[in-house]
Amino acid sequence: MKPLLILNDIRFRRDDFVLTVEQLELQPGRIYLVHGPNGSGKSTLLHLLALLLIPEGGEVRFAGRRIDGGVDRQRLRRQITLVEQNPFLFDASVYHNLAFGLRLRDVRGDLQRRRVTQALHAVGLMGFESRWAKALSGGEARRVALARALVLRPKLLLLDEPTAGLDREILPIFERCLAALPGQGTTVVIASHDADQSRRLAGITLGIDRGRVISAAGDSFTQLKENA
Amino acid sequence: MHHRLLTVPLLLLLLAAPSFAEERLRLATTTSTENSGLLAELLPPFEQANDCKVDVIAVGTGKAIKLGETGDVDVVLVHARTLEDKFVADGYGVDRRDVMYNDFVILGPPADPAGIAGLKDAAVALGKIAAAKATFVSRGDQSGTHVKEKELWTAGGVEPVGDWYLEAGLGMGEVITMATERLGYALADRGTYLSYKDKTDLRVLVEGDERLFNPYGVIAVNPEKHPHVKFPLAEKFIDYLVSPEGQAAIAAYPRGGDPLFFIYEK
Amino acid sequence: MGFLFESLQQSLQLIFSLDREVFLAVWTSLYTSLTAIVLAAACGVPFGATVGLLRFPGRGAVLTLFNTLMALPTVVVGLVLFGLFSRQGPLGSLGLLFTPWAMIAGQFVLAIPIVANYTLAAVAGADPRILPTAQTLGAGRLQGVWQLLLEVRFGVMAAIVAGFGRVIAEVGVAMMLGGNIRGYTRTMTTAIALETSKGEFAFGLALGIVLLGVALIVNLFLNLLQQR
């Protein structure tokens, strides 16, 4: 199968922090877990994968296509969605939050409404459309943020610590949601410090430490080498 | 929804856009003619007959003539003969005509600390005010009244300086108010004084000196200096002011009250 | 005391009998100020947002300049524009002096630094996650900035209202550039100045009351929006 995203010899620097990825291939319809201690570069890696950060050197290929220009980046970014660890909800209704990305992709009218309803259903927030985003509880807000990403049906979904600090009852809803995604052809990358999650989600674990993606386990499709 | 938010001010903007249908004649004149209410009476018949609007810019005579020189107005109606003659001689104004006159009076508080009541010589009266160092409020704004006042100080051989001499830099009405509040003297045109009669304690103390004669002239701005001025309309306006109709309206103003302006016998 | 009370009575009569002179002055004030503020918002908001978001050399100088311009005396603006618009001036051929458009231009100049500065403050104080969030959902740079402005809409509205407050209450520009022409460029403020000079205290007071009323309505409107 053709990899969805390939990183080759990537180097990114911000102040004192350097992130290097020798080679990383993400296959379609799989779940990856990026595991590592705080400050190891998990978030930075996710931002690179989201094409939000531009590496100093190396090559990024998305669906076989090399990315260099800004227009490319902007267009391809529409197939990738990132949910931050501490997500920001727009000061508007839940519906407006979910419809934001759909409008940008010209999904309007009935189709838009149906997709929003579906996505809210998937995260267990039926009937939340007209609720005001800023008035939601912490757990509800996290689920709205996830629904806001799911509704776009991205090829690549990036989640930064999606379950940290989440209520015990909500955790299964989350994981059920995520487990269903590979079946829909979505590749998921989750940054987490919870190693058990990988097992529960039958995912591939990528280790990261001090800016280096250092190991791969559980799947032969990824070839990660230790950085010298 | 955010687009709708914008529509409201845009609609207002459209509604608000001033119409450009009529021709507009710009008249620079003195505060005395505007504040007396004469123009509000005099202009509407002319505007109707010529399908135009007269924009009245009420300033001091000096400023009014300056606006004529720069071509920012089409016609001026002022009262300072020396300035008017210079305006015409310099080629900025054409076709000066006498419109009407009234007279200046020296106003003062009833107590009259300088003792000028009943004097027939205005210059002597000002001299006594200066000698008594009694408060005097001057327009101080290069208006026709101010120009006249300076002529009178010169004629009396007095230079008005000192803390008793207040240069207000304000219009006639404000100066009358100020003199009332400060119990001072002031030179005023009779028209403005009469319209303020109910609001001031000041009395006419000196009148009738022939130097207190106050003629008003109307002058069109020279189209050779400023090609954009509305000369034909300005000419029509001048013709209207000196026409029997215009003259009758001036003489009859205000209806049922003491006349504020007088017309020349033909 | 009796004098004030009597005047107050008379002025209320003038307002409620919809006195033509009062009405015209109120109308002139409103439409010139509204036009000026719409134009100032159309220029000042994008400008403030740009300076608030971008980091460029000379930014500090721009900030200082705008802070200084905020305190610009109205008569100075009047003086400079008088020179520009007079028939002797560079823009004299447009014939703008002593028209509502000259006043609108003057009020525009007065309002723009206020609108830009307050917008800048609102944008600079906005949540730093807004732009990246919009981008991860597929927004381009401009779409992201638009969403950011929506997020700080109360700050932007406050900027516009502050600008409106300044232009509707100012007298220098309206007097010098409009010429206080009855029924054409006579605004509430120039009419108050004139009527007070004529000793028509009640008339001036009537307009003063209307001016207060306008300020009250604008602020109530703003409050209403904020509570929504």
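We name chains A, B, ... by the order of the sequence lines, and we start the count at 1 in each one. As a basis for the values below, the full set of heavy atoms in this structure was taken, side chains included, without hydrogen atoms, waters or symmetry mates.
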Colleague: Can you tell me if C/Tyr118 has over 12 outside heavy atoms packed within less than 6.0 Å of its OH?
Modeller: no
Colleague: Non-hydrogen atoms of chain C under 4.5 Å away: do they reach the side chain of A/Phe90, the backbone, both or neither?
Modeller: both
Colleague: So C/Gln135 and A/Arg77, side chain to side chain contact (heavy atoms under 4.5 Å, CB included) or not? Walk me through it.
Modeller: CA-CA 8 Å; C/Gln135 280 181 322; A/Arg77 203 186 281 143; 4.2 Å; yes
Colleague: Distance check, rounded to the nearest 0.5 Å: A/Phe88 atom CZ versus C/Asp127 atom CG?
Modeller: 4.5 Å
Colleague: Quick check on C/Leu142: does its CG atom have over 12 non-hydrogen neighbours (other residues, nucleotides or ligands) under 6.0 Å away?
Modeller: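 Count not over threshold, so no.
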Colleague: Would you give the length of the straight line joining atom CG of A/Leu89 to atom CD of C/Glu151, rounded to the nearest 0.5 angstrom?
Modeller: 9.5 Å
Colleague: Please identify, among A/Leu102, A/Asn86, A/Leu52, the residue contributing the most non-hydrogen atom pairs under 4.5 Å to chain C.
Modeller: A/Asn86
Colleague: Applying a criterion of heavy atom separation less than 4.5 Å, what residues of residues 143-159 of chain A form contacts with chain C?
Modeller: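 Within residues 143-159 of chain A, the residues under 4.5 Å from chain C are A/Arg148, A/Leu152.
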Colleague: Heavy-atom pairs under 4.5 Å with chain C: which of A/Glu84, A/Gln79, A/Arg78 has the most?
Modeller: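 Among A/Glu84, A/Gln79, A/Arg78, the one with the most close pairs to chain C is A/Arg78.
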Colleague: Can you check whether anything in residues 103-115 of chain A gets within less than 4.5 Å of chain C, heavy-atom wise, and list it by number?
Modeller: A/Leu104, A/Arg105
Colleague: Could you tell me the separation between the OG1 atom of C/Thr136 and the NE2 atom of A/His47, rounded to the nearest 0.5 Å?
Modeller: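 C/Thr136 OG1 to A/His47 NE2: 8.0 Å, rounded to 0.5 Å.
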Colleague: Can you list the residues that meet the salt bridge (charged side-chain N to carboxylate O under 4.0 Å, His left out) rule with A/Arg142, with sequence neighbours excluded?
Modeller: none
Colleague: Quick check: under 4.5 Å, non-hydrogen atoms only, which of residues 49-58 of chain C neighbour chain A?
Modeller: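 Within residues 49-58 of chain C, no residue comes under 4.5 Å of chain A, counting heavy atoms only.
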Colleague: Check whether more than 12 heavy atoms from other residues, nucleotides or ligands sit under 6.0 Å from atom CZ of A/Phe17, and answer yes or no.
Modeller: yes
